[in-house]
Student: 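Before anything else, here's the structure in question.
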Amino acid sequence: LRLDGAGADLGYEENSYFSALASTLQEVEKRTHLLPPLAQEEVEERLALIADRAEHVGWGFGDYAADVAARVSERLEHG
């Protein structure tokens, strides 16, 4: 993955950047069940949007975001 300009400024060259994002998604996944039902639905929608936007991001982040979104959706669907 090679990025110039704004992409490099955002830290896209750093594995630690994506690790931090993945850690944040992991925390969201762990805590979603603590929210009221309406908020859980909003989190589910936001995770789906993140997964969609991250689809072509490197470092395995796009796959990880999709996996988290799917697990949260599955958990909310089946209680």
Student: For R71, does the CZ atom sit with more than 12 other heavy atoms under 6.0 Å from it, leaving out its own atoms?
Tutor: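 Count over threshold, so yes.
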Student: Does V68 offer a backbone N or O that forms a donor-acceptor pair with the side chain of E29 under 3.5 Å?
Tutor: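 Here the side-chain-to-backbone pair does not exist.
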Student: Does some side-chain heavy atom of E41 sit less than 4.5 Å from a side-chain heavy atom of L38?
Tutor: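 Contact flag for L38/E41 side chains = yes.
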Student: Enumerate, atom names and distances included, each donor-acceptor pair closer than 3.5 Å involving a side-chain atom of residues 72-79, sequence neighbours excluded.
Tutor:
{"unit_1": "S73", "atom_1": "OG", "unit_2": "E44", "atom_2": "OE2", "d": "2.7"}
{"unit_1": "E74", "atom_1": "OE2", "unit_2": "H78", "atom_2": "ND1", "d": "2.9"}
{"unit_1": "H78", "atom_1": "ND1", "unit_2": "E74", "atom_2": "O", "d": "3.2"}

Student: Please list every donor-acceptor pair under 3.5 Å in which a side-chain atom of residues 20-28 meets a protein atom from a residue at least two apart or in another chain.
Tutor:
{"unit_1": "S23", "atom_1": "OG", "unit_2": "S19", "atom_2": "O", "d": "3.0"}
{"unit_1": "T24", "atom_1": "OG1", "unit_2": "A20", "atom_2": "O", "d": "3.0"}
{"unit_1": "E27", "atom_1": "OE1", "unit_2": "R31", "atom_2": "NE", "d": "2.9"}
{"unit_1": "E27", "atom_1": "OE1", "unit_2": "R31", "atom_2": "NH2", "d": "3.0"}

Student: Looking at residues at least two apart in the chain, or sitting in another chain, which of them share a side-chain hydrogen bond (donor to acceptor under 3.5 Å, both in side chains) with R53?
Tutor: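 R53 satisfies side-chain hydrogen bond (donor to acceptor under 3.5 Å, both in side chains) with no residue once adjacent residues are dropped.
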Student: Quick check: closest heavy atoms across A65 and A54, and the distance to 0.1 Å?
Tutor: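 Here A65 and A54 meet closest at CB-CB, 4.2 Å.
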Student: Taking a hydrophobic cluster as the set of Ile, Leu, Val, Met, Phe, Trp and Tyr residues connected by side-chain heavy atoms closer than 4.5 Å, whether directly or through intermediates, do F61 and Y17 fall within one such cluster?
Tutor: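 Hydrophobic grouping puts F61 with Y17.
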